[in-house]
Amino acid sequence: MGLDGVALVMAFEEEFGVAIEDEAASKMLTPRDVIEYIVESRGIGTRKLCVTRKAFHQVRERLMKIGIERSAIKLGAPLSQFFPENTRRSLWIRARGSISSWRWPDLVRPAKLQKALPFFSLLLGVAVLVSILIITSGRKILDAILLAILLAIVSAGCAASLLFQATRGQCRQFPNLATIRDLSIRVAAGEGGNQSWKEEEFARDAIASKVRQIVIEQLGLTDSDYTEDKEFVRDFGMD
């Protein structure tokens, strides 16, 4: 399947919330074939559109943009397969791109480092507290203690902020994600899809109308070029 064909299939999947396997796509010679496939897959009338499936299509599109083969992107595929640890951070940022309408989760620091950050901040705060108490030993004890505690809190906060910034480059672990399915579910939730399913009406005429629009836009056709029984390759010149 050429680039035109891949883009067209992805557009159908995105719009109708269906998964079109390569074998099924190869049998879709005309728009009518596409319409019948979608009608059969989703049913006529009320149908349920899985938000997670839509998110999967978006995730797959992002991964394809960083050079990953479409056929390799399956729900059960491990994220580590596409994001090796030595280049994970840069690839993750590239895959996320400029997404704003749906949430791509951030990578996190290793668990040991996350636990160590508060400890080092507390340790620095205690060190500052002791130092201030020694320096202000000539003052009234209560005033010295209050000043020392205040400065220790401020110092600990600054230390935590500095350590957080300094270790940003260590954010290379997936945030409780293991597979493409996990990432798709997280993206769906961040997209505002807190409900798992949405109800929409899709009669055959509405499906046919949308298929027509997608084909014309994707292949650069005019309205007069299009009929449901023309073939994509022979009549529309799709590669």
Is there side-chain contact between [X] and [Y], with heavy atoms separated by less than 4.5 Å?
X: Trp92; Y: Pro105; result: yes
X: Glu231; Y: Met238; result: no
X: Leu183; Y: Phe174; result: no
X: Pro31; Y: Phe236; result: yes

Rounded to the nearest 0.5 Å, how far apart are [atom1] of [X] and [atom2] of [Y]?
X: Arg94; Y: Thr87; atom1: CZ; atom2: OG1; value: 9.0 Å
X: Ile216; Y: Asp223; atom1: CD1; atom2: CG; value: 4.5 Å
X: Asp182; Y: Thr179; atom1: CG; atom2: OG1; value: 3.5 Å
X: Phe12; Y: His57; atom1: CZ; atom2: NE2; value: 13.5 Å
X: Leu91; Y: Leu79; atom1: CG; atom2: CG; value: 12.0 Å
X: Ile73; Y: Met64; atom1: CD1; atom2: CE; value: 6.5 Å

TODO: Evaluate side-chain contact (heavy atoms from CB on, under 4.5 Å) for Gln58 paired with Glu14, printing each intermediate quantity in order.
DONE: CA-CA 8 Å; Gln58 293 175 314; Glu14 175 68 18; 4.0 Å; yes
Open item on the list: If hydrophobic clusters are built by linking Ile, Leu, Val, Met, Phe, Trp and Tyr wherever their side-chain heavy atoms come under 4.5 Å apart, do Val233 and Ile35 end up in the same one?
Closed with: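 In one cluster with Val233: Ile35, yes.
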Open item on the list: Under 4.5 Å between side-chain heavy atoms, counting indirect links through other Ile/Leu/Val/Met/Phe/Trp/Tyr residues: same cluster for Ile214 and Leu29 or not?
Closed with: no
TODO: Just do the side-chain contact (heavy atoms from CB on, under 4.5 Å) check on Phe16 and Val211 with the steps written out, would you?
DONE: CA-CA 10 Å; Phe16 297 107; Val211 167; 3.9 Å; yes
Task: Full working for side-chain contact (heavy atoms from CB on, under 4.5 Å) between Ile180 and Phe82 - done: CA-CA 10 Å; Ile180 294 295; Phe82 311 115; 3.7 Å; yes
Task: Exceeds 12 heavy-atom contacts within 6.0 angstrom, atom CG of Asp229 - done: yes
Would you check if the side chain of [X] reaches a backbone N or O of [Y] as a donor-acceptor pair within less than 3.5 Å?
X: Glu228; Y: Thr30; result: no
X: Asp225; Y: Leu221; result: no
X: Asp235; Y: Phe232; result: no

- [ ] Begin from the C-alpha positions of Arg70 and Val9 and carry the test side-chain contact (heavy atoms from CB on, under 4.5 Å) through to its verdict.
- [x] CA-CA 12 Å; Arg70 180 177 184 272; Val9 168; 3.5 Å; yes
- [ ] Give me the one residue out of Arg89, Arg96, Arg186 that meets salt bridge (Lys or Arg N to Asp or Glu O under 4.0 Å) with Asp106.
- [x] Arg96
